[in-house]
Amino acid sequence: MIHVLIVEDDYRIAGIHEEFLEKVEGVQVVEKVLNGKEALEIIEREKIDLVLLDIYMPDILGSELLQTIRSLNKQLDIIMISAATEAKIVGEVLRNGVFDYIMKPVKLERFMETMERYKEVKGKLAAQKELDQSFLDDYFGYGSSVSIMEKQTPKGIDPLTLEKIKQRIHTLNNGVTAEEMGMEIGTSRTTARRYLEYLITEGEIKAELEYGVVGRPERKYHVKK
């Protein structure tokens with residue numbers, strides 16, 4: 001379970017972010033606070049894994065609070081959610097090491113992508129003693145080492161991961177769900193579904209609704225024949 005603290009001076013917006021988090025499996029909101037003082041009190045008292053942190057607060061800038069949080073608990077992860085666009089402030093935040101920076105107003109899809117990626121990274125860091133370059137490239141947002149002469153893929157579609165999925169799906173005669181593919185290649189269901197849907201747009205695979213034993217339809221992906 002990932003324990004989250006929401007630090008946001010607008011309680012209405014904090015409530016929206018909490019509603020977003022309720023859609024993410026394995027996440028629990030510990031508290032919502034309106035200022036930096038309350039945030040530090042919660043961090044010292046409760047088990048917190050992740051802080052969703054605003055910049056503009058009544059008692060202290062989030063960019064300054066970030067440094068104090070780091071001095072209290074270096075293991076905490078932080079995602080900035082703010083309307084701040086000033087290069088000086090944003091640069092200071094990035095230099096202090098945040099997992100992501102999401103600008104307001106926050107779109108649900110963007111928020112969910114960040115949380116799924118965060119869960120994936122946190123899981124890999126906890127499960128593996130050593131990491132390869134591809135993991136670090138994904139974490140820092142670099143593309144793969146594909147030649148610029150090769151076909152370019154859209155943002156969010158890594159060519160190496162795409163190739164891995166293409167190779168794997170051709171070995172599965174009975175098709176595969178997004179969840180199953182995620183387990184096959186070690187990614188989240190959301191990530192696997194994004195790649196599979198991309199392959200549909202490229203005309204390489206197709207999707208069909210199939211009914212399981214309990215009668216619920218499943219979207220299953222097959223190679224076109």
Side-chain angles (χ1 to χ4, degrees), residues 1-129 131 135-136 138-141 188-191:
M1 183 66 68
I2 297 171
H3 301 87
V4 181
L5 171 64
I6 299 174
V7 185
E8 165 63 60
D9 72 329
D10 186 326
Y11 210 81
R12 180 185 60 84
I13 294 177
I16 293 173
H17 295 166
E18 183 176 30
E19 290 177 6
F20 286 176
L21 287 170
E22 289 173 354
K23 303 177 186 295
V24 184
E25 295 180 8
V27 170
Q28 177 184 349
V29 175
V30 175
E31 190 65 78
K32 303 190 296 291
V33 297
L34 302 174
N35 56 62
K37 181 177 180 293
E38 293 178 348
L40 294 175
E41 290 173 354
I42 295 295
I43 289 170
E44 290 181 322
R45 187 174 72 239
E46 304 285 348
K47 181 188 186 305
I48 303 294
D49 302 302
L50 174 66
V51 179
L52 302 187
L53 180 60
D54 189 15
I55 286 184
Y56 297 123
M57 288 182 294
D59 56 344
I60 185 173
L61 282 175
S63 52
E64 297 175 20
L65 181 62
L66 171 57
Q67 298 178 44
T68 306
I69 291 174
R70 285 273 178 255
S71 67
L72 288 175
N73 188 341
K74 296 185 184 302
Q75 303 303 314
L76 267 180
D77 296 311
I78 296 172
I79 294 174
M80 301 300 298
I81 300 181
S82 177
T85 58
E86 298 92 329
K88 182 178 179 180
I89 292 177
V90 175
E92 183 180 352
V93 166
L94 296 179
R95 283 190 292 273
N96 276 283
V98 294
F99 183 81
D100 202 351
Y101 192 114
I102 304 176
M103 288 188 174
K104 295 179 181 177
V106 180
K107 294 181 179 179
L108 175 59
E109 183 179 1
R110 174 67 169 83
F111 185 93
M112 295 296 286
E113 285 179 358
T114 290
M115 288 305 303
E116 289 295 338
R117 186 167 64 90
Y118 173 73
K119 286 172 57 182
E120 186 175 333
V121 167
K122 190 173 180 65
K124 286 184 177 180
L125 286 173
Q128 301 179 28
K129 292 183 178 180
L131 301 168
F135 169 83
L136 296 174
D138 287 342
Y139 182 85
F140 287 108
S188 68
R189 177 183 58 196
T190 301
T191 298

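Quick caveat: nothing in here was measured; it's all calculated off a predicted structure.
- Salt bridge present: Lys37 and Glu41 bring a charged side-chain N and a carboxylate O closer than 4.0 Å.
- Checked by atom type and distance alone, the side chain of Glu38 pairs as donor or acceptor with a backbone atom of Leu34 at under 3.5 Å.
- To the nearest 0.5 angstrom, Leu53 atom CG is 9.5 Å from Tyr101 atom OH.
- When atom types are taken as modelled, the side chain of Lys119 and the backbone of Glu25 share a donor-acceptor pair closer than 3.5 angstrom.
- Expressed to the nearest 0.5 Å, how far CD1 of Ile13 lies from NZ of Lys32 amounts to 13.0 Å.
- The two residues Ala39 and Leu5 have their closest heavy-atom pair at O-CD2, 3.9 Å.
- At distances below 3.5 Å, at least one donor-acceptor pair connects side-chain atoms of Asn96 with backbone N or O atoms of Glu92.
- Rounded to the nearest 0.5 angstrom, Glu8 CD and Leu52 CG are separated by 10.0 Å.
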### Query
Stepwise, does the side chain to side chain contact (heavy atoms under 4.5 Å, CB included) test hold for Val24 with Phe20?
CA-CA 7 Å; Val24 184; Phe20 286 176; over 6 Å; no
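- Glu31 and Arg45 are not joined by a salt bridge, as no carboxylate oxygen comes within less than 4.0 angstrom of a charged side-chain nitrogen.
- More than 12 heavy atoms of other residues, nucleotides or ligands lie within 6.0 Å of CD in Glu86, so this atom counts as buried by the packing criterion.
- Here the side chain of Asp59 pairs a donor or acceptor atom with the backbone of Gly36 at under 3.5 angstrom.
- Between Ala14 and Ile6, the shortest heavy-atom distance links the atoms O-CD1, 3.8 Å.
- Ring geometry for Tyr118 against Phe99 counts as perpendicular: the plane angle is over 60°, on a 0 to 90° scale with 30° as the lower cut.
- The structure places CZ of Arg70 at 11.0 Å from CG of Leu65, a figure rounded to the nearest 0.5 Å.
- In this structure, Leu66 and Ile55 have side chains that are not in contact, with every pair of non-hydrogen atoms separated by 4.5 Å or more.
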### Query
Yes or no on side chain to side chain contact (heavy atoms under 4.5 Å, CB included) for Ile78 and Val98, after CA distance, side-chain angles and deciding distance?
CA-CA 5 Å; Ile78 296 172; Val98 294; 4.1 Å; yes
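- Atom NE2 in His17 sits 8.0 Å away from atom CD1 in Ile102 (nearest 0.5 Å).
- Checked by atom type and distance alone, the side chain of Asp49 pairs as donor or acceptor with a backbone atom of His3 at under 3.5 Å.
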### Query
Between Val27 and Leu50, does a side chain to side chain contact (heavy atoms under 4.5 Å, CB included) hold up when you go through it step by step?
CA-CA 10 Å; Val27 170; Leu50 174 66; over 6 Å; no
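- Here the shortest heavy-atom pairing between Ile60 and Met57 reads O-CB, 3.5 Å.
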### Query
Could you walk me through whether Lys104 and Asp54 pass the side chain to side chain contact (heavy atoms under 4.5 Å, CB included) check?
CA-CA 10 Å; Lys104 295 179 181 177; Asp54 189 15; 3.3 Å; yes
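- Nearest heavy atoms, Ile89 versus Ala84: CG2-CB, 4.5 Å.
- You'll find the side chain of Leu72 reaches within 4.5 Å of the side chain of Glu44, heavy atoms only.
- Counting heavy atoms from C-beta outward, Leu40 and Ile69 have side chains that approach closer than 4.5 Å.
- Lys47 NZ: more than 12 foreign heavy atoms inside a 6.0 Å radius.
- Taking CG of Leu108 as the reference point, atom CD of Glu113 lies at 10.0 Å (rounded to 0.5 Å).
- Between Asn73 and Ile48 the shortest side-chain heavy-atom distance does not fall below 4.5 Å.
- Between Lys122 and Asp77, the closest side-chain pair of non-hydrogen atoms falls below 4.5 Å.
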